[in-house]
Amino acid sequence: MSLILTAGTVVLTAAAVPSMATAAAPPAATTGRLVQLHSLGGQGSFAKAMNERGDIIGASVDAADNYRAVVWWQGRRTPTALPVKGATAGDINEKRHIVGGVEGGLFLWRGRSVSYLKRPAGASFGATFINERDQVAGTATDSNDASRAFVWARGRMTMLTTPKGMDSRAVGINNRGQVIGVLTTPGVSTERAVLWQQGRMTELGTLGGESSTPTAINDRGQVAGTSAVAGSAGDHPFLWQRGRMTDLLTGTGATAGRVADLNQAGMVTGAASFGTSDSRPVVWRAGRMIDIGLPGHMGAALDINERGDVTGYTRTDPQSFAVPFRWRKGQTTLFPEPASDIAITVIGIDRRGVIAVDQETSQFGNLVLRSA
């Protein structure tokens, strides 16, 4: 999970679980350090995603000024170029298998072998997601601009059920092969959250508004996302499980929010606002919403690992530059240096609590950094 942050941008993102919001004990922030990762010899590197092991995929410029798909293996600062011509890395699983795009379609790199999915004539592929069984979920758009969610597994591409006259888009897949996505109607801006499993599509519904969007799904089949709410100007985060969608802001005092991530234990991360455009980073754990922000700061919690460590960004006001943070058991660590003067993207956090950041600067271009 990642989110681009720029100076002057107020980002509203959140997640929740019903009950009164609780503030974490006043956090005493410590300061951590980010370490720049190397390029392939040119100027410029970009991060796309990170797995729980700490491997980071992205792109880097080589000495001949060519962009190459790369992976920075956990603990290494020097990238390894993928041996796939014209590749763009999209996602990586815990087996270190990488899926992404090539000129003719998609590729799946398994270390010693590469598989390809040829793009139909006139079609294009959107974002792809991979699980631990090497099942890939994605979206295909044909020459008529109609989009369909699909699964690519064992060499076969299967289009997912989509009602006639509607488009569909995949946004995630869990290790059980359940796919989350949205249905849209051409020319209409609203979208509806759906779940595909064993060939069947289930609409998840809304919180009373016209639209809903899923963000993450875990192996328990829990789905977290955001929905419009009847009578409310702001969207609310939701948790869907066993056929029921729950408003995660109920009883918290928050007026709007959005989900960012969900781990296997059902902990949810994001941000919530309380009557203003400023948002606070929050975590929902064991039925309670916990405000993990620093006093006087705004921000969002963007990614969570399996032991409950959280990363995101914080800033003192809408015009200040965002600073990445890590929150672990009530303790916040800020990573202010080296600072970006244009934009940062918080890429994720691994199982050790190491965070990855993509940073755009006016002096050095684009950089990839990892916490020391």
Side-chain angles (χ1 to χ4, degrees), residues 1-6 8-19 21 127 169 171-172 180-182 184 189-195 204-218 222-241 245-263 266-285 288-293 297-304 310-315 318 322 324-325 327 343-349:
M1 173 67 62
S2 62
L3 180 67
I4 296 175
L5 312 166
T6 57
T9 300
V10 177
V11 181
L12 183 63
T13 18
V17 167
S19 78
R169 173 171 53 90
V171 300
I180 53 171
V182 295
T184 59
S189 61
T190 57
E191 54 189 27
R192 301 287 287 252
V194 293
L195 169 71
L204 306 188
T206 73
L207 294 174
E210 294 185 355
S211 64
S212 58
T213 305
T215 301
I217 181 171
N218 62 19
Q222 295 175 308
V223 179
T226 302
S227 174
V229 180
S232 174
D235 289 345
H236 286 205
F238 69 77
L239 184 68
W240 182 94
Q241 55 186 334
M245 180 180 287
T246 301
D247 187 338
L248 301 180
L249 293 188
T250 300
T252 66
T255 56
R258 297 183 71 86
V259 162
D261 198 19
L262 167 72
N263 70 7
M267 294 178 63
V268 184
T269 59
S273 63
F274 297 83
T276 71
S277 60
D278 299 340
S279 62
R280 297 280 296 173
V282 291
V283 173
W284 288 265
R285 179 177 64 192
R288 298 193 70 84
M289 187 174 83
I290 304 171
D291 184 339
I292 64 172
H297 285 232
M298 61 188 69
L302 303 178
D303 194 33
I304 184 169
V310 175
T311 188
Y313 81 95
T314 184
R315 53 170 34 127
F325 74 84
W327 181 84
I344 66 167
T345 304
V346 178
I347 300 300
I349 186 166

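Starting from 1, each residue takes its place in the sequence as its number. Everything quoted here is computed from the prediction, not taken from an experiment.
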>> According to side chain to side chain donor-acceptor pair (under 3.5 Å), who are the partners of Ser212, at least two apart in sequence or on a separate chain?
In response: none
>> Just verifying a value: how many Å separate Thr213 OG1 and Arg169 CZ, rounded to the nearest 0.5 Å?
In response: 7.0 Å
>> I want to check something: taking the side chain as every heavy atom from C-beta on, are Pro214 and Trp240 in contact at a cut-off of under 4.5 Å?
In response: no
> Rounded to the nearest 0.5 Å, how far does OG1 of Thr269 lie from CG of Asp261?
Replying inline: 4.5 Å
> Asn218 side chain to Asn263 main-chain N or O, any donor-acceptor pair under 3.5 Å?
Replying inline: yes
> What's the shortest heavy-atom distance between Ile292 and Trp327, and which atoms?
Replying inline: CG2-CE2, 3.5 Å
>> To the nearest 0.5 Å, what is the distance between CE on Met245 and NE2 on His236?
In response: 13.0 Å
> So do the side chains of Leu195 and Leu204 get within less than 4.5 Å of each other, counting heavy atoms only?
Replying inline: yes
>> Please enumerate all residues that pass side chain to side chain donor-acceptor pair (under 3.5 Å) together with Arg192, with sequence neighbours excluded.
In response: none
> Is it true that a side-chain atom of Thr206 and a backbone atom of Gly208 form a donor plus acceptor pair closer than 3.5 Å?
Replying inline: yes
> Are any of the side-chain heavy atoms of Val268 and Pro237 separated by less than 4.5 Å?
Replying inline: no
> To the nearest 0.5 Å, what is the distance between CG (Leu239) and CG (Asp247)?
Replying inline: 11.0 Å
> So, for Leu262 and Ala224, which heavy atoms are closest and what is the spacing to 0.1 Å?
Replying inline: CD2-N, 4.1 Å
>> Rounded at 0.5 Å granularity, tell me how far CZ in Arg285 sits from CE in Met267.
In response: 5.0 Å
> So, does Ser279 use its side chain to make a donor-acceptor pair with the main chain of Ala300 at under 3.5 Å?
Replying inline: no
> Are any side-chain N or O atoms of Ser227 and backbone N or O atoms of Ser211, one a donor and one an acceptor, separated by less than 3.5 Å?
Replying inline: yes
> Which atom pair, heavy atoms only, marks the closest approach of Ala254 to Leu249?
Replying inline: CB-CD2, 3.8 Å
> Which atom names give the shortest non-hydrogen contact between Thr226 and Asp235, and what distance separates them?
Replying inline: CG2-CB, 3.4 Å
> So which heavy atom on Ile349 is nearest to which on Asp303, and how close?
Replying inline: N-OD2, 2.9 Å
> Residues in side chain to side chain donor-acceptor pair (under 3.5 Å) with Glu210, at least two apart?
Replying inline: none
> Which atom pair, heavy atoms only, marks the closest approach of Leu207 to Phe238?
Replying inline: CD1-CB, 4.2 Å
>> Taking Gly234's backbone N and O only, do any of them form a donor-acceptor pair with Ser232's side chain (distance below 3.5 Å, no angle check)?
In response: yes
> Is a side-chain donor or acceptor of Asp278 paired with a backbone partner of Met298 at a separation under 3.5 angstrom?
Replying inline: no
